[in-house]
Amino acid sequence: MQLSVIGCGYLGAVHAAAMASLGHQVVGIDVDEAKIAMLSAGQPPFHEPGFEEILKAGLASGNLTFSTDYTAVESADVHFVGVGTPQRRDGGGADLTYVDAAIDGLVPHAKAGSLIAGKSTVPVGTAARLADIVAPHGIRLAWNPEFLREGFAVKDTVDPDRLVYGVSRETGDEDVATLDAVYSSILERETPRLVTDYATAELVKVAANSFLATKISFINAMAEIAEVTGADVTQLADAIGHDVRIGRKFLNAGAGFGGGCLPKDIRAFVARAEELGKGESVGFLKEVDEINLRRRQHVVDIVVNSFDGQPFGHRVAVLGLAFKPDSDDIRDSPALDVAVRLKGLGAEVVSYDPQAMETARRVHPQLDYAESLDAALAGAEAVVIVTEWKQFRALDPIETAEKVARPVVFDGRNILDPAAWRDAGWTYTGMGR
Ligand code: UGA
């Protein structure tokens, strides 16, 4: 099929290359000329395992092209919209400027009978509003939320655990048939496919992210209680996680969640529910947000306390900047936040991340970035782990002790073996353990 993908960020660029890998003819559109130039040259603008391979393969096969010009969408049967919906500057709601601009860009060029399939995370009610705008032009609209995780974006796109189609009441059968044709090779594997109305599809996405955020904040709340009682939250998570109704996934206590999705999605959901007069229904998400933000400050506090409240001039190695491993994304990153706050308190912070140093440097040029993990550790009076990269997990406590000035470690992601580190002479502090 002929497809267009509007917006070439994490979501759109991966979706475009993944759809080309499934055999479709795809054009990716973005207003950012530098990004389009990079993608056209086979250079990923962000770190995502497996993306470069499918990008290059798509370009080489001729199935994948990129453009800044909307006229390139004219022959497409389906237009995916994967632009960002960041948090508004003036509150918690979602900023729909880019979604509206994508629709404005598409309407004059999309052929009659084509389908716009929204993938961006939007406040409930958006799809119905957009459908009214495009319908007079003979263009159909569906909402097809995306559940990909950064770090697993390619796998999650070509092999998702479910597909959700929010379709129109009028043209629903045709919308389903069109999307089934796009995803035929995925559906052959009996991937669950749920057909809903617009509002349900929009809500599925924010409900899923709200549930995940709530699960993380729940275990972090237990970590707070463990910290004042001497209990171990990782053992607690293992024990409750054996109950299949609860499950062990997303029960890792630590510095909390960040990224371009979970934090802004729960805030946007609260804002939308308040507009609908149902703020109290999701009021608990404000608590989820607060618990989450407290964890970052907790990491800062325990490091500062280790210097008797006087971190000024003390060298602190902050390991991790990305909001999660296998990503160079620093949006709302707890790790970067910890580094910036410690630096603001006068500590001599030296940061290291295997992938996110360039993205972090652009936003926070005032931080010191080490050339290597060893350079970050050299002479450190405290080591703070805030992103669970496998390189940090694999650190040897005996060898690492020889590199630092003071063997004090704060395991902000609970990835080290406390006994092994203590045996090697370290003062070990985990999160809620
Ligand atoms: C999240 C959802 O997991 C995806 O399903 C969704 O499609 C995506 O948002 C989106 O809306 O686009 P992502 O932001 O890539 O994906 O990251 P997650 O893997 O969900 O991790 C989010 C944060 O939670 C990270 O900072 C991670 O370190 C933290 N986390 C995760 C914990 O603190 N504890 C855990 O147990 C799990």
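Only heavy atoms go into these numbers, but all of them, side chains included; no hydrogens, no water, no symmetry mates. In each ligand, atom 1 is the first atom listed, and ligand 1 is the first ligand listed. Numbers here simply count residues along the sequence, with the first being 1.
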K.L.:
Would you say Asp95 and Thr97 are linked by a side-chain donor-acceptor pair, where the criterion is simply a distance under 3.5 Å?
P.N.:
yes
K.L.:
Which residues pass the side chain to side chain donor-acceptor pair (under 3.5 Å) test with His24, not counting sequence neighbours?
P.N.:
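For His24 there are no side chain to side chain donor-acceptor pair (under 3.5 Å) partners, ignoring immediate neighbours.
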K.L.:
Applying side chain to side chain contact (heavy atoms under 4.5 Å, CB included), name anything that partners Cys261, two or more places apart in sequence or on another chain.
P.N.:
Asn209, Asp265
K.L.:
Using a 4.0 angstrom limit on heavy atoms, which residues are close to ligand 1?
P.N.:
Glu146, Phe147, Leu148, Arg149, Glu150, Lys205, Asn209, Leu212, Ile216, Phe250, Leu251, Asn252, Gly256, Phe257, Gly258, Cys261, Leu262, Asp265, Phe323, Lys324, Glu388, Arg413
K.L.:
Quick one: list whatever passes side chain to side chain donor-acceptor pair (under 3.5 Å) with Glu275, sequence neighbours left out.
P.N.:
Arg272
K.L.:
For the pair Arg296 and Asp332, find out whether any cationic side-chain nitrogen is under 4.0 Å from an anionic carboxylate oxygen.
P.N.:
yes
K.L.:
Looking at Glu290 and Arg295, is any side-chain nitrogen of the basic one under 4.0 Å from a carboxylate oxygen of the acidic one?
P.N.:
no
